[in-house]
Amino acid sequence: MYHIRWLAVIFMPLLLQASKTDTLTYEKQAGNFSLGVRNTISAFNHGDLKEIGTGIGAHYRIQVLDRVNTEWFADYLPANIHNKAHRTDWHVGWSVMYYLINPRGFTRKFTPYVVAGHCFDFTSIRLNGPDAPKGKSRFSSAVQAGVGCHYNITPKFDISLTTQYMLHLGKELHAHEEEDGSIAIEEHKNAGWEGHLLISISFNYKLAKLWKAKK
Amino acid sequence: MESKKIIVLHILLLTIVVGTQAQKLPIWVERKGCVRAQGNLAGGYLFQQKQGAAYLTGDIDLFVDNRASVTGAIWGSFATTRKNQIGIRANHAVLFGMSYHFVKKGRFDPYIGFTPGVGMVQANYQNGDVISTSKFGFTPLLSASLGCNYYIGWIFNFFVKVQGVSGQLLTDVPKPVRVDELKVTAGLGWNLRLWKPKLKTINGQRI
C-alpha cells in the first residue's frame, strides 16, 4: 500500500497533464516498428542482493494502437554468486506495453507505461574454476510485469527505463552458500516460484511504419 | 591488364558519383543517409587491473536521422600482459547500439552513444603455484560513449571518442575478473552519402 502511494505521487503530474483536453490531433502511431538495444541489471535473485547480474539484449517493438505497444525481446544475463559460482539466464519473450497517458505522437518528453508479458528461459548455474564439476540447468517459462517510461529525445528516438519483476514458473534452481563457505546447487521439483528484478535501459529508434492506421 | 583498367575506371566513376552527390548535399547539411566510419589504434585503462590496454578498433555510424545513428564497433586487443603475469590477456569486443547527435547540422557533431556488446575475454590467474590462462569467455558489456566529429570535407572527418565499458568474466576463472575500462580513440575518419533523403519543404523553404 505504501508503494502504491509513492507510485501515485510520482505519476500524478503526468496524469494531471494527461487529463487536459487534447485540442491538437497527432499522427496515429499504430504500425510503428522500432528497434532497440538494451542493458539489463538482474537484481534480487531469490532475494539475494549479492547475486546481481548485468546483461545485454535487444528487442523490436510493433505498436498496435496509439496506447498499446508490443515488445519482442532476447536477453543474456550472467550473474555472479558470492564470487564462487555463476548463473546464466537466457530470455526470449514478449511484452505488452500500455501507455498511461496519450503519447501525442511521442511529442511529449515522458511517456510512462505499464508492461506485462511472457518469456521462455534457460538457466544454468555452475561453480567457478577450471576444475569445477558440471553445473545444473533447466528450461522453463516465466511471466513478467512492471512499469517503465520512455524519454522521447525526438518523436522517433527514445530512451526507455523499465523495471519488471519476473517469475520463473516450474522447477526451482538455485545456489546457496553453506556454513563452511562452499556453494551448493539445488534443484527442487515444483518447489516454488522464483524470480528476479529486471531493470532495463534501452535506446530505441522507430525505423518504419508497417501499416497506416485509420484516422 | 584490361581488367585492371576496368576496375580503376569503376573506382574513378564511383568516386565522382559519390563526390558529386555529397557536394550537392554534404554531411554537415544533412546527416540522414550518410555513413561515417573509422579504423584506428586506440588506448584504454582497466580500472581493476590498474593497467593500460591497446587496441585496433573500427566503428561505423549509419545516420537514419539527422540526430540519430545506428552504430557498431569492433575492438581487437593487443596482449599487454606477459604470459607469467596475472591479468587480462585478451579483451576483444563487438558493440552495437545507437547514438544521439546533439546538433542537428553543422561541421561539429558532438554525440552520446549507448552501445551494449559482447566481449571475448581471456585472463591469466593464479592456479596453486602456477599461473594458468583461462578459456575465452563471452562477457556482456555495458557501454556508453561520448565523442565529437568534425567534418572537414565531403569525405573526411576528424573524430575523438571516449568510451566507458563495464563487464565481468565469469567462466572458468576462480573469481570473476572485471573488465571495467575507459577507452579513448581519435584520428581521421571517413564519411560517405549512401542515399539522398526526401527533403521536406514549406513554401519553398527547406525545413
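A note on names: the letters A, B, ... follow the listed sequences, proteins ahead of strands, and every chain is numbered from 1. It should be emphasised that the depicted structure is a prediction, and the values quoted were computed from it without experimental measurement.
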I want to check something: taking the side chain as every heavy atom from C-beta on, are A:Gln63 and A:Phe106 in contact at a cut-off of under 4.5 Å? yes
Are the side chains of B:Val177 and B:Gln49 in touch, meaning some heavy atoms are under 4.5 Å apart? yes
Given the side-chain rings of B:Phe156 and B:Trp190, with only the six-membered ring counted for Trp, is the space between their centroids under 6.0 Å? yes
Which atoms of [X] come close to chain A, meaning under 4.5 Å heavy atom to heavy atom: side chain ones, backbone ones, both, or neither?
X: B:Phe96; answer: both
X: B:Val64; answer: both
X: B:Ser69; answer: neither
X: B:Ser134; answer: neither

So that I can tick it off, tell me whether [Y] and [X] are bridged by a salt bridge, with the cut-off set at under 4.0 angstrom between side-chain N and carboxylate O.
X: A:Glu177; Y: A:Lys84; value: yes
X: A:Asp158; Y: A:Arg61; value: yes
X: A:Asp121; Y: A:Arg138; value: yes

Contact winner vs chain A - B:Gln168, B:Arg67, B:Met98, B:Lys135, heavy-atom pairs under 4.5 Å: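 Sorted descending by pairs with chain A, the first entry is B:Met98.
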Side chain, backbone, both or neither of [X] within contact of chain B (heavy atoms, under 4.5 Å):
X: A:Phe203; answer: both
X: A:Arg38; answer: backbone
X: A:Ile201; answer: both
X: A:Ser202; answer: backbone
X: A:Asp131; answer: neither

So which atom in A:Ala132 and which in A:Arg126 form the shortest heavy-atom distance, rounded to 0.1 Å?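 Scanning both residues completely, I find the closest heavy atoms to be O-NH2, 4.0 Å.
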Check step by step if ring pair (Phe, Tyr, Trp, His ring centres under 6.0 Å) holds for A:Tyr113 and A:His150. CA-CA 8 Å; A:Tyr113 54 85; A:His150 298 322; 4.8 Å; yes
Any side-chain donor paired with an acceptor under 3.5 Å for B:Asn191 and B:Tyr151? no
Are side-chain N/O atoms of B:Asn40 and B:Thr57 paired as donor and acceptor at under 3.5 Å?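 Judged by distance alone, the side chains do not pair up.
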Looking at A:Asn204, A:Leu77, A:Leu207, which makes the most heavy-atom pairs under 4.5 Å with chain B? A:Asn204
For chain A, which residues from residues 108-119 of chain B lie under 4.5 Å away (heavy-atom distances)? B:Phe114, B:Pro116, B:Gly117, B:Val118
Return the orientation label for the B:Phe63 and B:His101 ring planes: parallel under 30°, perpendicular over 60°, tilted otherwise.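 Tilted.
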